[in-house]
Number of protein chains: 2
Amino acid sequence: MTGRPRTFDKDAVLRAAMRAFWERGYEGVSVAQVCEEAGIAAPSLYAAFGDKKALFEKACALYTEHLDDDLERDLSAPTAREAIERLLRSSAEHFSAPGQPPGCLVMGEPRLAERRAKTRDTIRARLHRAAAEGELASTAEADGVAAFVDTVLAGMAALARDGADRARLLDAARHAARAWPAQRSSQVATEGLWVE
Amino acid sequence: MTGRPRTFDKDAVLRAAMRAFWERGYEGVSVAQVCEEAGIAAPSLYAAFGDKKALFEKACALYTEHLDDDLERDLSAPTAREAIERLLRSSAEHFSAPGQPPGCLVMGEPRLAERRAKTRDTIRARLHRAAAEGELASTAEADGVAAFVDTVLAGMAALARDGADRARLLDAARHAARAWPAQRSSQVATEGLWVE
DNA sequence: CTCTTTCTGTAACGCCCACTAAAAAACGTC
DNA sequence: GACGTTTTTTAGTGGGCGTTACAGAAAGAG
């Protein structure tokens, strides 16, 4: 009992939905719009993916499919400094990938704060390891660097969505990498800056 | 012929609307919600402010009322480096001001890209001045620093909305300030980093 | 062919949206 | 008190939203 076969490509529809959510956010996308862009009727979409929230989750799963692997790959560099440099550069490139919407689905979507927190935890863990290995002065400094890296990643995604091209994003990433703490003492680098 | 006096505080209603847009964005706020939070009926709100778009624009005008002045004040520091440090710190504090929604209405709202561009132009102009005065090596470097500063500002706003406290934002701002180009040659600071 | 199963297409459902027509109420003025 | 003006109140308007009931169409199984 196989029943009538579906006439559309389920993966293609999911990719269209992902792109729509990526470009305009969860609230900015209506089910009717996805249906039109995918070329199918609403009941077909509901039968294949469930309601709008389930469709969004499946689209997010598709988006983040290779993202965690990429993160681990970047962070696996021998030194934390190199790991962060890799992460900054590959993120800048991802946020400005040709043929894809600018920015980041996860960064741009308010309701994905939990997933952002997960990524931040991963970055912080890598920097804590660097503190334990002596590459950073302390876990407090690791937390500070982590907050800074999180900030730059989120900011690059925002700039990308505002139309910044890849060169601008890579400029920002390079300048960010330049903020790495000086090797002998972090006080040297912060000389002249305010202190809490 | 004075007519019946209005029974609500127009400024208080506008402040409530500003807070709502600040917290949840233009699309996340319904007119009915503003009415309930302000304690007035819809026709009163429409008579006082016009339609939703006009209300949003007035709320934005209220939000940005003192913002440009603050920006000019920060950027008026004698050196660009100090100007950017002031801007980073005051922005971190603004994004985490107690009693106000976290983050930034302008940074968080997709449809305010033009205003963000205006702020970025102002920052870039200050850094170009620094290049002309010899504080930065070139206008190209000024553009790079500008892209970096824009990124950090947008990122801090995003982190604040994700729940980061003031200390985390100030950590990020301090680390960002540390990325200022070395005085003698910017190549010294980028030593060991990738180049395009 | 008939039955069962699964998908497609049409046509709605109720809900909330931004927005407003109309009548009643509260003022200053005559 | 009657009038003109402005606000409040009530009760809607049409439209888009997410979602679905239902009938017909396309497949394999008997």
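The sequence lines fix the lettering, A, B, ..., with proteins before strands; numbering per chain opens at 1.
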From the options [options], select the nucleotide whose nearest atom is closest to the side chain of [X].
| X | options | value |
| --- | --- | --- |
| B:Ala41 | D:dT8, C:dC17, D:dT9 | D:dT9 |
| A:Arg4 | C:dT6, C:dA18, D:dT19 | C:dT6 |
| B:Pro5 | C:dC19, D:dG18, C:dC27 | C:dC27 |
| B:Thr7 | D:dT8, C:dT10, C:dC19 | D:dT8 |
| A:Thr2 | D:dC17, C:dC19, D:dG28 | D:dG28 |
| A:Lys52 | D:dT19, D:dT10, D:dA21 | D:dT19 |
| B:Tyr46 | C:dC19, C:dT6, D:dT8 | C:dC19 |
| A:Phe8 | C:dT20, C:dC27, C:dT8 | C:dT8 |

Nearest-nucleotide wise, let me know which of B:Arg6 and B:Pro43 is further upstream toward the 5' end of DNA chain D.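 Nearest-nucleotide comparison on DNA chain D picks B:Arg6.
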
Specify the separation, in whole Å, of atom [atom1] of [X] and atom [atom2] of [N].
| X | N | atom1 | atom2 | answer |
| --- | --- | --- | --- | --- |
| B:Leu55 | C:dA18 | CG | C1' | 12 Å |
| A:Phe49 | C:dC7 | CZ | C1' | 14 Å |
| A:Lys10 | C:dC7 | NZ | P | 9 Å |
| A:Glu36 | D:dG18 | CD | P | 13 Å |
| A:Asp51 | C:dC13 | CG | C1' | 17 Å |
| B:Ile40 | D:dT9 | CD1 | P | 10 Å |
| B:Leu45 | D:dT7 | CG | C1' | 14 Å |
| A:Glu27 | D:dG18 | CD | C1' | 13 Å |

Pick the closest DNA chain C nucleotide for B:Ala42 and for B:Gly3 by heavy atoms, then say which residue is nearer the 5' end.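 Its nucleotide being nearer the 5' end, the pick is B:Ala42.
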
Counting distance only, does the side-chain N/O of A:Thr79 pair as donor-acceptor with the main-chain N or O of A:Glu82 below 3.5 Å?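 Yes; at least one donor-acceptor contact below 3.5 Å.
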
Checking the side chain of B:Lys52 only, and the main-chain atoms of B:Tyr26 only, is there a donor and an acceptor separated by less than 3.5 Å?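 Answer holds: yes.
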
Evaluate the criterion salt bridge (charged side-chain N to carboxylate O under 4.0 Å, His left out) for residue pair B:Arg124 and B:Asp121; output intermediate values, then yes/no. CA-CA 5 Å; B:Arg124 184 148 36 91; B:Asp121 285 344; 2.7 Å; yes

Using a distance-only test with no angle check, is there a side-chain donor-acceptor pair under 3.5 angstrom linking A:His128 and A:Asp143?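 Per modelled atom types, A:His128 and A:Asp143 side chains form a pair under 3.5 Å.
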
Side-chain N,O (A:Ser44) to OP1/OP2 (C:dT8) below 4.0 Å: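 Indeed, a polar side-chain atom of A:Ser44 lies that close.
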
With a non-hydrogen cut-off below 4.0 angstrom, is A:Val29 in contact with a base, only sugar-phosphate, or nothing?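 Sugar-phosphate only.
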
Looking at B:Arg111, B:Arg116, B:Arg115, B:Lys118, which hits salt bridge (charged side-chain N to carboxylate O under 4.0 Å, His left out) with A:Asp162?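 So, applying the salt bridge (charged side-chain N to carboxylate O under 4.0 Å, His left out) to A:Asp162 and each of B:Arg111, B:Arg116, B:Arg115, B:Lys118, only B:Arg116 qualifies.
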
